[in-house]
Amino acid sequence: MLSSFSALSGRGREAARLAAATLVSGLLTAGVLAAGAGPAAADGGTRNQGGATATIGGLKTYGAAVIHSEAGDQEISAGLFEMSVEGGGTLQTYCVDLFNPTQKDAKYHETPWSGTSLGVNENSGKIRWILQNSYPQVNDLAALAQKAGLRGGLSEQDAAAGTQVAVWRYSDDADVDAVDPQAEQLADYLERSARDLAEPQASLTLDPPALSGHPGERLGPVTVRTGADAVTVTPPAAMSGVRIVDKKGKPVTATTDGGQIWFDVPEDTPDGTAELTVQASTTVPVGRAFTSESRSQTQILAGSSESTVSATASATWAKQGAIPALSATKNCAKGGVDITAANEGDEPFTFELLGTDYTIAPSGTRTVTIPLQEDQAYDFTIEGPGTLTQRFTGVLDCLTQAAEADNTTTQTLTDPSPASVGGTSPDTNLAETGSSNATPVIAGVAIGLVLLGGATLVFLRTRKTRDGE
């Protein structure tokens with residue numbers, strides 16, 4: 001069985017620095033999306049971790065800042081973005097990716113720090129401290145101004161601009177100042193006072209995201225991770241025959257953080273695949289990262305309303321042979337994408353990756369890292385036994401860059417209007433903060449890159465099967 005893989009190297013980027021909560025009760029829903037005569041195809045990116053999915057709406061509260069570089073000073077807008085959450089809710093975020101553009105109406109999803117520049121940035125914990133100790137988490141601006149040693153008042157615009165500037169100094173190692181003196185003094189205070197904090201937990205996740213086994217068994221457990229006081233479970237459609245149960249085989253109607261659930265697959269069920277979707281209404285923890293596959297700049301959460309969050313886990317079953325369970329996550333520390341393959345079948349699952357054979361023994365699990373270049377788009381489909389296929393797509397975005405690294409300029413376009421100490425550029429793009437002249441082209445064709453060039457990854461059900469084909 002073959003797995004096609006297409007990718008095109010993105011342009012090289014020199015990084016100025018490798019940019020390494022409380023939840024409320026919600027609702028958990030589950031449903032089997034596919035089950036039948038054979039495992040079904042499943043398309044998706046590498047975001048198996050779960051959480052919130054949202055669309056960026058642009059800068060809402062902001063002031064001005066100036067980036068200093070060898071090419072000159074350039075004025076940009078700095079402040080809070082607002083996102084609309086799928087299913088309901090609103091998020092407020094700051095940028096942690098200054099020199100990339102913000103694409104209009106880009107879709108973002110909650111992402112672990114390990115899948116972003118924050119995962120390789122030793123100062124990521126200080127960024128979280130800034131978010132928890134400044135606007136909008138601290139909405140008493142008089143008290144915030146007093147802590148920062150300001151003699152005058154502090155407007156929302158200055159608070160947002162000062163906070164963003166402090167974040168950029170740690171996320172992008174940028175030489176940047178706020179234009180307003182009050183905002184600049186706040187930025188200095190936050191940068192000076194920041195302390196290291198741990199990465200916040202995901203708003204909602206399922207572990208593992210994929211599993212496999214035989215019909216007639218309970219496949220699992222899948223562990224629910226959330227801060228909600230209680231969650232409820234909606235069983236899958238009766239026609240599928242697959243139930244969601246607890247360890248004793250009883251249908252699950254409610255669970256809590258750490259609760260474990262199983263796929264109960266009847267013995268006479270044909271080989272197939274089912275997907276469990278969990279959903280909750282909660283606040284997303286401050287400091288969670290948000291990324292977009294359209295190369296829109298990485299964001300970090302500063303505030304959340306009650307919002308809809310979700311996660312998925314899949315189960316694959318077959319009567320005999322290799323039964324792989326496949327998942328993928330970005331790994332910025334290793335500069336690639338980790339593919340995890342588990343095999344609960346009675347035969348080995350063998351695949352070939354870039355000329356190397358890997359074998360997962362029955363009841364075994366193995367993770368293989370596919371190395372990628374920064375900004376590299378990827379699209380590969382793994383075909384397992386029968387008709388099982390799993391597609392993974394995305395763009396590796398692990399680094400930040402200094403504007404002078406490749407003689408680029410930073411622009412602010414659409415809303416607000418561009419402003420530059422050194423003059424404006426005639427080029428237009430969809431960025432709201434920061435871009436290179438080449439970035440719009442990269443971002444605009446990121447999806448199309450998967451059609452060009454690349455390598456081939458070969459995944460085989462078993463060595464015996466491959467040799468017979």
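Here, residue 1 is the first one in the sequence, and each next residue gets the next number. The shown structure was predicted, so the numbers you read here are calculated from the model rather than taken from an experiment.
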Can you tell if the side chain of [X] reaches within under 4.5 Å of the side chain of [Y], non-hydrogen atoms only?
| X | Y | value |
| --- | --- | --- |
| Thr90 | Glu82 | yes |
| Thr55 | Val85 | no |
| Val278 | Thr312 | no |
| Arg391 | Asp379 | yes |

Between [X] and [Y], does at least one N-O distance fall below 4.0 Å, as a salt bridge requires?
| X | Y | answer |
| --- | --- | --- |
| Asp397 | Arg295 | yes |
| Glu293 | Lys107 | no |
| Glu374 | Lys330 | no |
| Glu199 | Arg288 | yes |

Tell me every residue that passes side-chain contact (heavy atoms from CB on, under 4.5 Å) with [X], counting only those two or more places apart in sequence or in another chain.
| X | answer |
| --- | --- |
| Thr308 | Gln279 |
| Gln137 | Val286 |
| Thr340 | Ser327, Thr365, Thr367 |

Residue list, salt bridge (charged side-chain N to carboxylate O under 4.0 Å, His left out) with Asp180, at least two apart or on another chain:
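Residues passing salt bridge (charged side-chain N to carboxylate O under 4.0 Å, His left out) with Asp180: none at all.
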Straight-line distance of Tyr135 OH to Leu186 CG, nearest 0.5 Å
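So the OH of Tyr135 and the CG of Leu186 are separated by 12.0 Å.
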Would you check if there is a donor-acceptor pair between the side chains of [Y] and [X] at a distance under 3.5 Å?
| X | Y | answer |
| --- | --- | --- |
| Ser296 | Gln103 | no |
| Thr111 | Thr116 | no |
| Glu156 | Thr61 | no |
| Asp338 | Thr369 | yes |
| Glu110 | Ser203 | yes |

Take Ser281 and Glu306 through the test side-chain hydrogen bond (donor to acceptor under 3.5 Å, both in side chains) and record every step on the way to the result.
CA-CA 6 Å; Ser281 180; Glu306 187 83 358; 3.1 Å; yes
Identify each donor-acceptor pair in which a side-chain atom of residues 157-165 lies under 3.5 Å from a protein atom, sequence neighbours left out, and give them as a table.
from, atom 1, to, atom 2, distance (Å)
Asp158, OD2, Ser155, OG, 3.3
Thr163, OG1, Ser134, OG, 2.6
Thr163, OG1, Ala159, O, 2.7
Gln164, OE1, Cys95, N, 2.9
Gln164, NE2, Cys95, O, 3.0

Looking only at non-hydrogen atoms, find the nearest pair between Ser292 and Ala106 and report the distance.
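Heavy atoms of Ser292 and Ala106 come nearest at OG-CB, 3.8 Å.
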Specify the closest pair of heavy atoms between Ala313 and Phe263, including all atoms of both residues, with the distance to one decimal.
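Distance-wise, the nearest heavy atoms are O-CZ, 3.8 Å.
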Which one of Asp97, Thr102, Asn100 satisfies the side chain to side chain donor-acceptor pair (under 3.5 Å) criterion with Gln297?
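By the side chain to side chain donor-acceptor pair (under 3.5 Å) criterion, Gln297 pairs with just one of Asp97, Thr102, Asn100: Thr102.
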Checking side chain to side chain donor-acceptor pair (under 3.5 Å) between Arg169 and each of Asp175, Asn123, Asp188, which is the one that passes?
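The option that passes is Asp188.
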Summary of salt bridge (charged side-chain N to carboxylate O under 4.0 Å, His left out) pairs that have at least one residue in residues 54-67, sequence neighbours excluded
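Qualifying pairs: none.
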